[in-house]
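A short worksheet on the structure shown next.
Values in this document were obtained by computation on a predicted structure and should not be read as measured data.
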Amino acid sequence: MGPSVGALELLGAAFSTGAWLCSLATTLMSTWLTLSTDLLPTESYELGLWETCVVQDLGSLMCRPYDSLLGLPPDIKLARILMCSALGSGLLGLLLAVPGLRLVNGCCVQLEDAGCKRALKMAGGALCVVAGVLGLVPVSYIAHLTVLRFFDESVPDVVPRWDFGDALFCGWTAGVLHLVGGALLLASCLQLHRRDSNVPVHIPLVAVATGERRPARTRTEYV
């Protein structure tokens with residue numbers, strides 16, 4: 001294995017791990033959207049996928065989970081489903097990609113096969129790319145709806161506006177890292193495939209007959 005292939009594998013696994021942790025933080029954070037208004041200067045509000053919070057100027061934080069699933073807005077429901085799907089896909093991709101690394105020794109003979117390792121790593125990279133797409137869709141959709149609802153010129157300035165929270169930026173970071181990590185894993189598989197296909201294969205065409213070494217010939221006999 002060349003050093004470039006090993007570097008691609010390690011970078012892909014590292015980016016995928018960091019992306020999954022960022023996706024988990026994005027899913028759990030309550031700062032998808034934030035709201036602060038001059039009408040209540042001592043309070044600010046935070047909106048997440050699982051709860052809403054009120055932050056006081058004194059530093060106190062009071063959070064309240066959503067009452068029921070049926071009463072949730074459609075965008076929050078969609079974000080929940082897609083973020084949980086991204087977490088599942090990213091975790092499964094890591095579990096498949098790590099045994100496929102050449103630096104990791106498998107506990108059985110099948111996992112030591114080069115073709116098996118390449119297949120595991122390719123499946124892990126593809127799932128990481130899927131996780132990146134699934135993670136980018138909800139944060140981008142929530143941001144798009146926020147711009148349409150509260151950043152329109154027809155909306156008066158006195159109307160309280162929801163702003164982008166830290167969770168959205170963390171989600172964008174997670175999605176990009178997932179795409180980069182998956183692409184690096186897939187690139188290492190392609191590089192290994194090209195290197196193996198360029199290796200010359202020596203096929204002995206020497207037959208031993210009556211003590212004389214000569215090229216073996218095949219003959220088709222018709223009866």
Side-chain angles (χ1 to χ4, degrees), residues 4-35 45-53 63 65-66 69 72-101 118-151 161-191:
S4 59
V5 177
L8 287 176
E9 290 181 345
L10 292 179
L11 285 176
F15 276 115
S16 300
T17 303
W20 189 84
L21 294 176
C22 289
S23 297
L24 180 62
T26 303
T27 306
L28 298 178
M29 289 172 67
S30 61
T31 55
W32 279 63
L33 296 176
T34 59
L35 173 65
Y45 301 90
E46 297 176 351
L47 177 67
L49 298 182
W50 313 99
E51 58 187 3
T52 57
C53 298
C63 296
Y66 295 111
L69 182 62
L72 285 177
D75 52 346
I76 298 297
K77 290 181 183 179
L78 179 63
R80 277 188 180 185
I81 295 172
L82 292 179
M83 289 306 300
C84 292
S85 301
L87 286 175
S89 300
L91 182 59
L92 183 59
L94 278 176
L95 294 178
L96 291 177
V98 171
L101 301 179
R118 186 185 299 117
L120 287 175
K121 191 168 52 177
M122 187 170 295
L127 285 174
C128 288
V129 172
V130 172
V133 175
L134 291 175
L136 286 174
V137 169
V139 293
S140 301
Y141 182 62
I142 294 293
H144 175 69
L145 290 181
T146 303
V147 171
L148 292 180
R149 293 171 180 172
F150 303 103
F151 290 89
R161 299 172 184 265
W162 289 95
D163 295 325
F164 296 168
D166 296 336
L168 293 183
F169 298 101
C170 187
W172 280 318
T173 303
V176 172
L177 289 179
H178 259 140
L179 293 178
V180 173
L184 290 176
L185 291 174
L186 294 176
S188 66
C189 295
L190 294 177
Q191 189 168 352

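Interatomic distance, Glu46 CD to Leu35 CG, rounded to the nearest 0.5 Å: 10.5 Å. Atom CG of Leu87 is separated from atom CG of Leu92 by 12.5 Å, given to the nearest 0.5 angstrom. Within the model, atoms CG of Leu33 and CG of Asp163 stand 8.5 Å from one another, a figure rounded to the nearest 0.5 Å. If you take CD1 on Ile76 and CD1 on Ile142, they are separated by 4.5 Å, rounding to the nearest 0.5 Å. Taking OG from Ser188 and CG from Leu101, the interatomic distance works out to 8.0 Å, rounded to the nearest 0.5 Å. Expressed to the nearest 0.5 Å, how far CG of Leu11 lies from CG of Leu184 amounts to 6.0 Å.
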side-chain hydrogen bond (donor to acceptor under 3.5 Å, both in side chains) for Glu51 and Ser30? Distances and angles first, verdict last. CA-CA 7 Å; Glu51 58 187 3; Ser30 61; 4.5 Å; no
With disulfide (SG to SG under 2.5 Å) as the test, would you mind laying out the steps for Cys53 and Cys63 before giving the verdict? CA-CA 4 Å; Cys53 298; Cys63 296; 2.0 Å; yes
Hey, mind stepping through Trp50 and Thr27 against side-chain hydrogen bond (donor to acceptor under 3.5 Å, both in side chains) and telling me if it holds? CA-CA 9 Å; Trp50 313 99; Thr27 306; over 6 Å; no
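Scanning all heavy atoms of the two residues, the minimum distance from Cys22 to Ala174 falls at CB-CB, 3.5 Å. The nearest pair of heavy atoms linking Gly171 to Val139 is CA-CG1, 4.0 Å. Closest non-hydrogen pair, Cys170 versus Ala25, comes out as SG-CB, 4.3 Å. What you find for Gly100 and Glu9 is that their closest heavy atoms are O-OE2, 4.4 Å. The two residues Leu185 and Ser16 make their nearest non-hydrogen contact at CD1-OG, 4.2 Å. Closest of all the heavy-atom pairs between Pro99 and Leu120 is CB-CD1, 4.2 Å.
The shortest side-chain heavy-atom distance between Leu186 and Met122 falls under the 4.5 Å cut-off. Counting only heavy atoms from C-beta outward, the side chains of Val147 and Phe164 approach each other to under 4.5 Å. Looking at heavy atoms from C-beta onward, Thr52 lies out of side-chain contact with Tyr45 at the 4.5 angstrom threshold. Using a 4.5 Å heavy-atom threshold, the side chains of Trp172 and Ser140 count as touching. The shortest side-chain heavy-atom distance between Leu136 and Leu179 falls under the 4.5 Å cut-off.
The neighbour count for Tyr66 OH, taken as heavy atoms of other residues, nucleotides or ligands under 6.0 Å away, is above 12.
Just one of Leu47, Leu49, Asp75 meets the side-chain contact (heavy atoms from CB on, under 4.5 Å) condition when paired with Trp32; it is Leu49.
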